[in-house]
Each structure stands twice: as C-alpha cells, then as structure tokens.
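In what follows, a single structure is set out as structure tokens and then discussed.
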Protein chains: 2
Amino acid sequence: MKTVDRSPAALPAREPETGVSRYALLAREMRQRVVKGLWPAGSAIPAESELAQEFGVALGTVRQALALLVAEGMLERVQGRGTFVSQGLSGASMLRFFRFRDATGEVPQSTILERRSVNATAEQAGLLGIAPPARCLRLKRLRSLQGSPVLLEDILLPLPDFEPLQRLPLKSWDDLLYPMFWKHCGITVARAQDELTFGAPDAAQAAALGLQPRHPCIRVERRAYDFAGRCIELRTTLGDAHAFHYSAETR
Amino acid sequence: MKTVDRSPAALPAREPETGVSRYALLAREMRQRVVKGLWPAGSAIPAESELAQEFGVALGTVRQALALLVAEGMLERVQGRGTFVSQGLSGASMLRFFRFRDATGEVPQSTILERRSVNATAEQAGLLGIAPPARCLRLKRLRSLQGSPVLLEDILLPLPDFEPLQRLPLKSWDDLLYPMFWKHCGITVARAQDELTFGAPDAAQAAALGLQPRHPCIRVERRAYDFAGRCIELRTTLGDAHAFHYSAETR
DNA sequence: GAGTGGTCTAGACCACATC
DNA sequence: ATGTGGTCTAGACCACTCA
C-alpha cells in the first residue's frame, strides 16, 4: 500500500516521546496563556482559524483543544461572537445547600461583622500554599434573607493578594464576594470544593444566627481555587440544619 | 464563487424543518435502540464505520453522536475493543453521603427486615408513572458495617416489573441492589436523583439504627430512573447526622 | 457583508486489543 | 493480521452576530 504524500509535513498523531496528543498540548499551551494573564478573564481569544494557523494544525484539532477547556470551565463559546475566557464562578451560592422559606433565588444581604489581618495556622498556610508568617485577611460575615440571619461565615484570604479588600470601606462592599475578588483584586475563582458536615455552633455563633445554643447546624468547609489551581480562599459557613436541603444527581 | 459538486448528495447540516442537527438525530435514533432493547445493556454496538455506512453519514458525524451518548452515560467506549451499552449504575452508594469510622470503601452488609406488596399512595404512583391500584413491592432494609447498623432504608419498587424479587428467597439477596435489578428483572438504573434533608427518626427507626429516640439524622430521598427516563425506584434512607459527610464541587 | 463558531465530509494514519 | 476506537487533515457549507 502506498502512503499519501501530505504537505507540508506528515506529523504523527501523538508526540512520540511523551505520548501526549497534539490537541492536549494545544490545550496545555492555551491554559498557560489564561493563567499567565496573556488572555485575561472576560476577553475574547483569537478565532479558531487564527489559532489553527498560529499553531500549524488543522481546524478540527484546535476545536478539540477548545472543547477540553470549555469542559473545564475555562472558556465559553458563543456562536457568531467568539470564544471567551470565563469570568469564573459568580456566586457558587452557599444557599444551594439550604432552603429558606419564601426566599428562592434571592441573593441574601451581607454584613461584614469583623475584618482583621491575622496569621494563618500552619494547616491553613499549607492549604493556601503560603509561607509563614502567612498573613491573611479574616472576615466574619453574616448573610440575611428579609432581615433574618441565615448563614454565618468565617473567611480567610491570603495577603497581599487581597490587600485591596483590607482598606475598602465596609459600606461599599457588595452582597456577592467573588465578583468583588475580580473587581478589586483581579482574582478569578475557577472552582470551589465544599465539604458538608453536621455539627453544633458555639454560643457566639448560635447567637449571631438567632438560634438556641447547640441548635443543630450544617457546616460547609469551602476551598476555592483560581485557574492556576492555587487555593485562594478558605471559608467555613454555618446554617440551621433544619433548613438544610441539597439535591445530588448520580449518572 | 462556484460550489463544489459533492457526491452522492449535498445534504444540509441541519434538518431544514426542525433545526435539529444530524448528529443529534443520530443520537436520538441510537438512544431509542438502547431503550427498546435492540442494543441490550452490556453488549457491543456496531463499529463506527458500520454506523456511518448504515446511516449514510461521515465518520465524524457518527463520532459526534456517540460522544453525546457517552456524556449521558448511556455508552462507554474502549479503544481497540469497541463501544458498549452501559450496565448503568452499579452502586450509587448511599455511603458517599456518610463517613463511618474504619469503613472506607467497604460495601455494607444488607439485611432485608421486611418485604411486602402494597398499594402506593397517589403521590408515589404519580412519581412512578403507574395507575391505581399501583401495586408495589416495599422493602425495609438495614445496612451494617462491621456488625453495626448504619443506614435504614425504605424502598418502593413498581410491580409487576420487580415481581422476581417478590419470590426470591431472602437468603440469596446480594449486598448491592442495582445489580440484582438487572440480573433478576432486566432493569438498568441509568440515573439517580437524591434529595438530602435533616430530620429526626421515629421511635422504631431510631431503635433499628441503635440510636436514641429523636437522635439527629440525615434523610436521603432517592428517585432512580432507567434509560427511558422512567422512575423505577423510590427510596428513603436514614443515617446518623453525626456521620454525615459530603463533598461537592462547583466549577 | 464580514467574521465567528457549528456542522459535515472523505479521506489518512496511529495506538490498542484480540485472535 | 485484523478490527476497533483515537487523532488529524483540508477542505466545504450553515447559522448566528454585529457593524
């Protein structure tokens, strides 16, 4: 059987050395461009045809790489308009773990109870990937629906990345935190990992939530990451266990 | 600009009438073949090239349709071997919502406490899509780890589909239910929807779990569906809230 | 109308599994 | 050796968005 003489070059489907496919390499390169800020969040990336030309591959190969990054949540495609770098999670609301009456889809009001800079514990510093003294911004935040407190949050953000939030007047804080991360600190939240457990609040926590001491609560421990995979937030959220309601699908 | 004369026919990318793409139509057809049993669970479906020939489309179009069904969990592809119809969920273990000490990854032992045929309530019949008198098989089942009861389940299965389980000697029941559905009733569980809430057990339930009356519990309400989208199981599971532990990712 | 992503074709070669 | 899915090419046309 004769082989076809392809021009300009008959490249193998995979890198012979590493065994990594070409579209996977493309995806890796484009991921780097987002992480390094060459393609900022919200901006449009070059058209498929341009990318194909730049990387010297066929259109279909570029599309395969793009599909990977779309599945990861890093890119978003809009027919007729272009391909855009994701702005990251906007809310990732803790409210999805709860169901409070007469409050479906509503954004709860936020009150910052406390804002201090502290040294993270060794464990926290390890999770955040920062070295001692591991300076952090610590927030205590109460979230309310129709005037009633529903969630109490304890948030740890590494400094100096979140320095702008240290000075920002508490009055000008928004109800949603992640858009503020982006607006004031240029930080995008790409992914959040939540661990739910059952537990009781301490006396102060119960009081802040308007609950009896030792009232059963659900505790959500969150770790949030940026597109580089770096942990950029540690958060503990407490809410009334009787309001707990979560829906999970398996397939 | 001249158009290329493609043979044998220049079909449009979409059905002009419906606006549905060709690969979506292909996927719909193949989905039907699985639902109707023409392609039974676990069997290999025809090769890509055969499908392309049968449907009169290019290979890439077939691949696009297959990718859809793989994403749905209906098909599984194995390089070099072929494409197979999924056997469905094997476990979908309730244990993923809990963390009992010294028991990670272990399959809990199952004991059937009760097996009766009952009439479903109107609500249950509606969910199961069956008409009155809505005969069902009702199971009460205790699941234990290292001899200690951990989960109490109340399961409702529509008759006559699950008739074989009505007669099967309780001794020959397996620890996992879904493989039994398939083995004895030919029913595949494609998808399960779980709703988690907080609540207290009644006296009998607490006793069965070896807990104090009113001990805090997590309640899991499950609806399981086959590939045709029909609900084929209603289940309520109770477990100690202190053992509750769930991990959720947002991206 | 120009530019974007979405769909589709008709091939080719590569890597893997099985006999 | 044969057959499978996985990767890749170099085109074409379609549907959508926006200036």
Side-chain angles (χ1 to χ4, degrees), chain A residues 1-28 30 43-71 75-86, chain B residues 1-28 30 43-71 75-86:
Chain A
M1 197 54 125
K2 281 210 301 185
T3 54
V4 171
D5 179 31
R6 283 187 292 173
S7 52
L11 294 173
R14 296 159 178 271
E15 295 292 310
E17 297 298 315
T18 62
V20 180
S21 61
R22 207 134 75 193
Y23 71 85
L25 285 175
L26 261 190
R28 197 180 294 176
M30 294 196 281
S43 66
I45 73 169
E48 297 178 343
S49 53
E50 284 181 58
L51 292 170
Q53 204 161 22
E54 175 189 348
F55 292 113
V57 299
L59 242 172
T61 306
V62 171
R63 292 183 60 78
Q64 229 168 330
L66 291 173
L68 271 186
L69 302 182
V70 168
L75 297 182
E76 292 167 11
R77 319 193 69 180
V78 186
Q79 175 164 176
R81 303 214 314 118
T83 303
F84 302 84
V85 180
S86 167
Chain B
M1 198 56 126
K2 281 210 303 186
T3 54
V4 171
D5 180 29
R6 284 187 292 174
S7 53
L11 295 172
R14 295 159 178 270
E15 296 292 311
E17 296 299 315
T18 61
V20 179
S21 62
R22 209 135 77 193
Y23 72 85
L25 285 174
L26 261 190
R28 197 181 293 177
M30 294 196 281
S43 65
I45 73 169
E48 297 178 343
S49 53
E50 285 181 57
L51 293 170
Q53 203 160 22
E54 176 190 349
F55 291 114
V57 299
L59 242 171
T61 306
V62 171
R63 292 182 58 79
Q64 228 168 331
L66 291 173
L68 271 185
L69 302 182
V70 168
L75 297 181
E76 292 167 12
R77 319 194 68 181
V78 186
Q79 174 165 177
R81 303 215 313 120
T83 304
F84 302 84
V85 179
S86 167

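The shown structure was predicted, so the numbers you read here are calculated from the model rather than taken from an experiment. We name chains A, B, ... by the order of the sequence lines, and we start the count at 1 in each one.
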Return the value, rounded to whole Å, for the distance between atom CZ of A:Phe84 and atom P of C:dG5. 8 Å
Could you check which of D:dG5, C:dG6, D:dT9 has an atom nearest any side-chain atom of B:Arg63? D:dG5
Upstream residue (5' side of DNA chain D) when B:Ser49 and A:Ala58 are each assigned their closest nucleotide: B:Ser49
When you get a sec, tell me which of D:dA15, C:dC8, D:dA10 is the closest nucleotide to the side chain of A:Gln79? D:dA15
Between P of D:dT7 and CG of B:Leu59, the distance in whole Å: 14 Å
Worked check of side chain to side chain contact (heavy atoms under 4.5 Å, CB included) between A:Leu68 and A:Met30: CA-CA 11 Å; A:Leu68 271 186; A:Met30 294 196 281; over 6 Å; no
Quick check: on DNA chain D, is the nucleotide nearest A:Val62 upstream (toward 5') of the one nearest A:Gly80, or the reverse? Name the residue that is more 5'. A:Val62
Test side chain to side chain contact (heavy atoms under 4.5 Å, CB included) on B:Ile45 and B:Leu66 and set out the steps. CA-CA 11 Å; B:Ile45 73 169; B:Leu66 291 173; 3.9 Å; yes
From CG of A:Leu69 across to C1' of C:dG5 the rounded distance in Å is 16 Å
Flag the pair B:Glu48 and B:Arg77 as a salt bridge only when some basic side-chain nitrogen lies within less than 4.0 angstrom of an acidic carboxylate oxygen. yes
Starting from C1' on D:dT2, measure out to CD on B:Glu48 and report it in whole angstrom. 16 Å
Send over the distance from A:Arg77 CZ to D:dT17 C1', rounded to a whole Å. 15 Å
Close side-chain approach of B:Phe84 to B:Leu75, heavy-atom, < 4.5 Å: no
D:dT4 phosphate, OP1 or OP2, under 4.0 Å from B:Thr83 side-chain N/O: no
Atom-pair distance (CG on B:Leu26; P on C:dC8), nearest Å: 8 Å
Does C:dT9 have OP1 or OP2 under 4.0 Å away from a side-chain N or O of B:Thr61? yes
Does a side-chain N or O of B:Gln64 approach OP1 or OP2 of C:dT7 to a distance below 4.0 Å, or not? yes
Report yes if at least one side-chain N or O of A:Tyr23 is closer than 4.0 Å to OP1 or OP2 of D:dT7; otherwise report no. yes
Rounded to whole angstrom units, what separation is found between the CZ atom of B:Arg81 and the C1' atom of C:dC16? 11 Å
Stepwise, does the side chain to side chain contact (heavy atoms under 4.5 Å, CB included) test hold for A:Gln64 with A:Leu26? CA-CA 9 Å; A:Gln64 229 168 330; A:Leu26 261 190; over 6 Å; no
Please give, in whole Å, the distance from D:dC8 P to A:Phe55 CZ? 14 Å
